[in-house]
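Following: one structure in structure tokens, then a few remarks.
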Amino acid sequence: MTTGDPDYRDTGLEFPADFLFGSATAAYQVEGAVREDGRGQSIWDTFSHTPGRIQGGDTGDVADDHYHRVNHDLDLMARMGLEAYRFSIAWPRIQPTGAGKVNDAGMGFYSRLVDGLLARGIRPIATLYHWDLPQELEDAGGWTNRDTAYRFAEYASIMGDALGDRVAAWTTLNEPWCSAFLGYAAGVHAPGRTDDVAALTAVHHLNLAHGLAISELRRAASKPDAELSVTLNFQVLRGSDSTSTEAIRRIDALANRAFTGPMLHGAYPQDLLEDTAGITDWSFVRGGDLEQIHQPLDFLGVNYYSANTVRMRASRAGASPTDAHSPWPGSRAVEFVDEPGERTSMGWTINPDGLEDLLVALAAEFPTLPLLITENGASFDDVEIDGRIHDSRRIDYLQRHFTAAHRARARGANVRGYLVWSFLDNFEWSFGFSKRFGLVHIDFESQERTVKDSGLWFGELIATRQLPRVAER
Ligand code: FCB
């Protein structure tokens, strides 16, 4: 057993019996079957079919064909020993145009999925919105239209009524920062807009949608111990020079506090309003909105992959032309510094210390709110030898991040569990199928599933509750 390893390569650490081990996916990334059983079109269908948007021209039309192979995938989850599975519901399967009558066939799929999980002793954790907005709602303005928040509340209430007796935990939105800033400012995610006013307006309407949905779920979710939450992707920021304090404050405001502010403290941070004053006066925030957004939650979903180092650019003129559409409206004078060191195939640096720091900081800021790691994992180009997928770098990444979570717990953070992203290799948004995050390898031609060495490693961790011995690197 090694503990206290400076690189977070501890072994033999034990996790308690109530620590939840699971894995996660999202609807558009795995389901396929985009035109079946009455499913409507989403903004990701439109975006992925727009030439030039997705690497290799990939789309989610088939993806992992999970819609048809769900029983096989459930069996794989059970064989790995997963205790929880986080999936997302495609809104356009439930309400094909984002409003009105329920599409029973679409609902049936999720109902069977939930029953299949429960039959195998796996806790269903449902995300209501993992980015696939019904296209009709986008045509009416998408998240820049306040009405979208009310449509989302209606959809949340439908889901609560239909599955509230069986779903263990709900998360309203996945990573609203991505929806608002990658979707409406940088334009690299659907709907692909580059309009700073739209992005900041979307921030508020996403926050409002979250608050309204929590109220609806509280009313509808009939399972008395069902837990309600949101999943945020926190920026963990490091400094490199004397300008970094200002850079960190700015990015923290746009990435983190724009959401935790209203959702968990009941107010937008003053400095965020000031940093963006040249773009908007935030008059889209109406009386009563902040009270509606500020709802008690049962846990906070934390997504973490990497940390970033930031500083202020020496001069605004130093901004590269591509920065015009960066996802940081009002703070484009912040520079993201390239740090040396190991990276995943996404180009993301590997910083397990960032996860420990984040969990400890969140626990200090929200002492009564339990934390659940709703996504952590890594994309690497997997190596297949003798029919097995030897992904030792992914094992190493996971080992180090589980160590980070363990250390945060030892420092008092109430980290309740850890869901690995992802259960299956899948459609990685603008990167298409070029990036593989799965514990299970997918051959996208044959749809054959092969559990990777990391999946076997995770199974051993779940069975023993001890971090397995590290594979030879
Ligand atoms: C997160 C997303 C998830 C996946 C991972 C790699 O931002 O929530 O769908 O793409 O990144």
Side-chain angles (χ1 to χ4, degrees), residues 22-32 42-45 47-48 53-56 58-60 63-64 66 85-91 125-133 171-186 188-190 206 210 229-236 254-256 259 300-308 327 343-351 354-355 358 372-382 391 393-394 397-398 401 418-440 442 454:
S23 191
T25 64
Y28 189 69
Q29 296 182 274
V30 300
E31 284 178 3
S42 87
I43 56 174
W44 270 95
D45 296 299
F47 192 71
S48 68
R53 291 301 202 176
I54 312 292
Q55 207 171 311
D58 292 338
T59 74
D64 295 350
H66 171 73
Y85 175 59
R86 172 176 179 247
F87 60 95
S88 83
I89 295 158
W91 185 353
I125 301 181
T127 301
L128 286 177
Y129 186 72
H130 203 126
W131 307 349
D132 40 5
L133 189 74
T171 178
T172 53
L173 305 174
N174 177 72
E175 303 190 351
W177 179 85
C178 294
S179 302
F181 292 105
L182 298 182
Y184 291 86
V188 295
H189 276 192
L206 284 154
H210 158 79
S229 68
V230 65
T231 280
L232 302 178
N233 55 318
F234 291 93
Q235 276 280 347
V236 174
L254 272 173
N256 303 333
F259 302 97
L300 178 62
V302 178
N303 287 1
Y304 174 83
Y305 291 91
S306 182
N308 282 302
R343 288 167 187 265
T344 69
S345 74
M346 293 296 284
W348 298 343
T349 55
I350 301 178
N351 311 102
L355 178 58
L358 172 63
L372 177 68
I373 299 167
T374 39
E375 286 182 28
N376 174 256
S379 156
F380 287 110
D381 298 330
D382 298 332
D391 57 338
R393 298 188 67 196
R394 182 172 294 100
Y397 178 99
L398 292 173
H401 287 78
Y418 197 129
L419 312 180
V420 175
W421 184 271
S422 176
F423 183 59
L424 306 171
D425 288 339
N426 59 47
F427 176 81
E428 179 48 38
W429 308 113
S430 59
F431 299 91
F433 298 106
S434 69
K435 307 294 177 200
R436 292 179 177 272
F437 277 88
L439 295 168
V440 176
I442 304 271
S454 59

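Counting begins at 1 with the first residue of the sequence. Each ligand, and each atom within it, is numbered from 1 in the order the structure gives.
Ring-plane geometry between F427 and W429 is classed as perpendicular, the angle between the planes exceeding 60 degrees on a 0 to 90 degree scale with a lower cut at 30.
Every residue two or more places apart in sequence or in another chain that forms a side-chain hydrogen bond (donor to acceptor under 3.5 Å, both in side chains) with E375 is listed here: R86, N303, Y305. Residues satisfying the ring-ring contact (aromatic ring centres under 6.0 Å, His included) criterion with Y129, sequence neighbours excluded, are W143. The side-chain hydrogen bond (donor to acceptor under 3.5 Å, both in side chains) search around D64 returns none, not counting sequence neighbours.
The backbone N or O of Y85 sits nowhere less than 3.5 Å from a side-chain atom of S23 that would complete a donor-acceptor pair.
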Are there any N/O pairs under 3.5 Å between ligand 1 and the protein, and if so, what are their distances?
from     : atom 1 : to   : atom 2 : distance (Å)
ligand 1 : 7 (O)  : E175 : OE1    : 2.5
ligand 1 : 7 (O)  : E175 : OE2    : 3.0
ligand 1 : 8 (O)  : H130 : NE2    : 3.2
ligand 1 : 8 (O)  : N174 : ND2    : 2.9
ligand 1 : 8 (O)  : E175 : OE1    : 3.4
ligand 1 : 8 (O)  : E175 : OE2    : 3.4
ligand 1 : 8 (O)  : E375 : OE1    : 3.1
ligand 1 : 8 (O)  : E375 : OE2    : 3.0
ligand 1 : 9 (O)  : Q29  : OE1    : 2.8
ligand 1 : 9 (O)  : H130 : NE2    : 2.8
ligand 1 : 9 (O)  : W429 : NE1    : 3.0
ligand 1 : 10 (O) : E428 : OE1    : 2.8
ligand 1 : 10 (O) : E428 : OE2    : 3.0
ligand 1 : 10 (O) : W429 : NE1    : 2.9

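Side-chain atoms of N376 and Y397 form a donor-acceptor pair, as typed in the model, at a separation below 3.5 Å.
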